Structures are given as structure tokens and as C-alpha cells.
Amino acid sequence: MFLVTGATGDIGRRVVRLLREQEQSIRAFVRLTSRYGELEHRGADIFIGDLRREKDIEKACRGVQYIISAHGSDSDALNLDYRANIELIDQAQANGVQHFVFISVLGADRGYEDAPVFKAKREVERYLATSGINYTILRPAGLASNLLPLAERFRETGLYLLIGDPKNRTSIVSTDDLARIVVDSVKVPGARNQIFSVGGPEILLREDIPQIFSHIFNQQPIVVNSPLLAVDGLRGILGLINPEAQQALGTFRTLLSNEFFCRKDEIAKLEQTFNFSLENLESFLRRYLAV
């Protein structure tokens, strides 16, 4: 049986879908307030719990052979990105789990001091690598599914808000490809005890994204390029009223102010290991936007 955390998220839903297509047994860890009807309909065993509670994690891990950690942090990096994953690894050891797939983030190893999510995920990576459990650590760049709401807004208005340097490079990975890599990691020998940077097959400039939207919808983009100073100003205000939100914005600023792309050799290694060609951003968007 597979345990999938973050099962209602963009990655988790796709992972559950693929596993059920393979007729695998799945326990989907979800919150009571989340929308898990699709997972239930597909035949997943629904486990309602809170990843901030060790007892819930302990119960969810009983009788599972594989754990896929695909949950986000909801601005609570300490409890969800760090503590929950450490407890999942501890329970994996206690239950003799055969393979643990951890979805980290590209750049987790760069030492971004102002980004709690990056720091938490890097510490989890270290803990997992020394746990004695078979593992695969995936460090994805930006997810293509995150751009779907922006593309819909562009279709309606022609507007695209670009914060920071438009020349920064990025690798946008098809969320479907990432889910396939996650599922295959437990059975592909070359993925065992490995760390992979996961991006799309092309290195894009951030300013290329509205141009891709323009090509898809056949309309000229109106690009509003806002400086990072706007984010810094907001962080300063939040620091006075909501320190936790200020810290979360630190991760957001890190994402905006740095380059997150995969080298060609990293993509070649990914395609060779998992034996399929990665989908580019425009193809992904066209499929989901029915264009």
C-alpha cells in the first residue's frame, strides 16, 4: 500500500490517479476541510488527519510499504515541511517501509537563509538520506499547473504581472511528468537513493512565459513588470503585524529573486533514468486550456 500526503494538491491528485490506474492500493492523507471526493471515487482509502499531529501520522503509516510526501506547508514550514516529514521518516523506519519519495524543491541545497521552506526541506533531505530507508528525492522547479490560473486571467484580460528580473532563467516542469516520475521512482532501479533536479525540457526566461500565453491565445500581452522593492515593502509591513506571514514571504521573495532552472545534463539524466521525454510548457498549457 502507498501512503500519499498532500493527496488533494496538484501533485498528489495526479499521483493518486496514476497509482489507481495501475490498480495500486492507496491511503490518501487529507484534511477534513479539503476536497477529496475525486480520490474517493477513484478508490483511494481516505485517511482524514492533521500532519501537525504525530498520532495521526503514526496511524496513517501503519501497514504501508511506500510513502510519498507531496504535501505543502501552508506558510507553516516548521510544522509541515520539517516536523511532519521527520515524523513520516521515523514512522517509515518503524514500519519497515520499502521506499520513501520526498518532493523537495530546486535550490534546497543553496543555503537560502531567508527562505524557511528551502531550509526545512534541505534538513529533511539530510535526515532521509541517513535514515537507512530506500529513498528518492525530487527537486522540482516551477510547476506548470501553477501557471494555469495566470493563463486563464491572461485569456480574459491580456495582462501578465511579472515581479522581479524578467531575464531570470527557469525550468517549468509539467506537473503530469512530475507525478509520473514520483510513481516510477519506487520501481526504477536507477532512482533508488538518488536526488534528481526536475524541470521541463527547455530553459526559459521569465519574460518568455507571457509570450507563450500570447502564442496560445493569439493576443499581444500587456506585461506589468513590478520591482522586488514592492515585495520588500510588504514584508516590512507584515513584520509589524504578522511575523509568520513575513517569514513565508521570505520564501516567496527567494523564488522571485533567483534563477531556478535545470541544466541540460540534469534533464538528460532524468529522461534517461525514467525513459520518457519531458513535456514542454506550451504543450501542457494547451492540453489543460483546450486550445
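Just so it is clear, the structure is predicted and the values come from calculations on it, not from any experiment. Any value given below was found using the heavy atoms of this structure, including those in side chains, with hydrogens, waters and symmetry copies removed. Numbering of residues begins at 1 and proceeds along the displayed sequence.
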Participant: Does the side chain of L143 come within less than 4.5 Å of I172's, by heavy atoms?
Facilitator: no
Participant: Could you tell me whether K269 sits above the aromatic face of F196, with NZ or CZ closer than 6.0 angstrom to the six-membered ring centre and within 45 degrees of the axis?
Facilitator: yes
Participant: Would you tell me whether S277 and E271 have side-chain atoms, one donor and one acceptor, within less than 3.5 Å of each other?
Facilitator: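 S277 vs E271: no donor-acceptor pair found between side chains.
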Participant: Both conditions, 6.0 Å and 45 degrees, for the charged tip of R192 above the ring of Y135: are they met here?
Facilitator: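 Output no; distance or angle outside limits.
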Participant: Would you call R53 and E58 a salt bridge, using N to O less than 4.0 angstrom?
Facilitator: no
Participant: Less than 4.0 Å between a side-chain N and a carboxylate O, is that true for E38 and R42?
Facilitator: yes
Participant: Would you mind checking if R263 and E266 are paired as a salt bridge, meaning a charged N to carboxylate O distance below 4.0 Å?
Facilitator: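 Yes, charged N to carboxylate O under 4.0 Å.
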Participant: For the residue pair F29 and F47, is the inter-centroid distance of their aromatic rings smaller than 6.0 Å?
Facilitator: yes
Participant: Evaluate side chain to side chain contact (heavy atoms under 4.5 Å, CB included) for S25 paired with F2, printing each intermediate quantity in order.
Facilitator: CA-CA 6 Å; S25 298; F2 286 78; over 6 Å; no
Participant: Please say yes or no: joined through hydrophobic side-chain contacts below 4.5 Å, possibly via intermediate residues, are L18 and V188 part of one cluster?
Facilitator: yes
Participant: Is the shortest distance from a Lys or Arg side-chain nitrogen in R139 or E125 to a carboxylate oxygen in the other one below 4.0 Å?
Facilitator: yes
Participant: Give a yes or no on whether the ring-centroid distance for F154 and F213 is below 6.0 angstrom.
Facilitator: yes
Participant: Could you point out which residue of I67, V124, L80 forms a side chain to side chain contact (heavy atoms under 4.5 Å, CB included) with N85?
Facilitator: V124
Participant: Flag yes if V15 and M1 sit in one hydrophobic cluster, no otherwise; membership is Ile, Leu, Val, Met, Phe, Trp, Tyr, and two members link when side-chain heavy atoms are under 4.5 Å apart.
Facilitator: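 They do not share one cluster, since no chain of ILVMFWY contacts under 4.5 Å joins V15 to M1.
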Participant: Decide, yes or no, whether a salt bridge links D81 with K119 under the criterion of side-chain N to carboxylate O below 4.0 Å.
Facilitator: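 Looking at K119 together with D81, the answer is no, because their closest N to O distance does not fall below 4.0 Å.
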Participant: Pairing donors with acceptors under 3.5 angstrom, does anything connect the side chains of Q98 and Y66?
Facilitator: yes
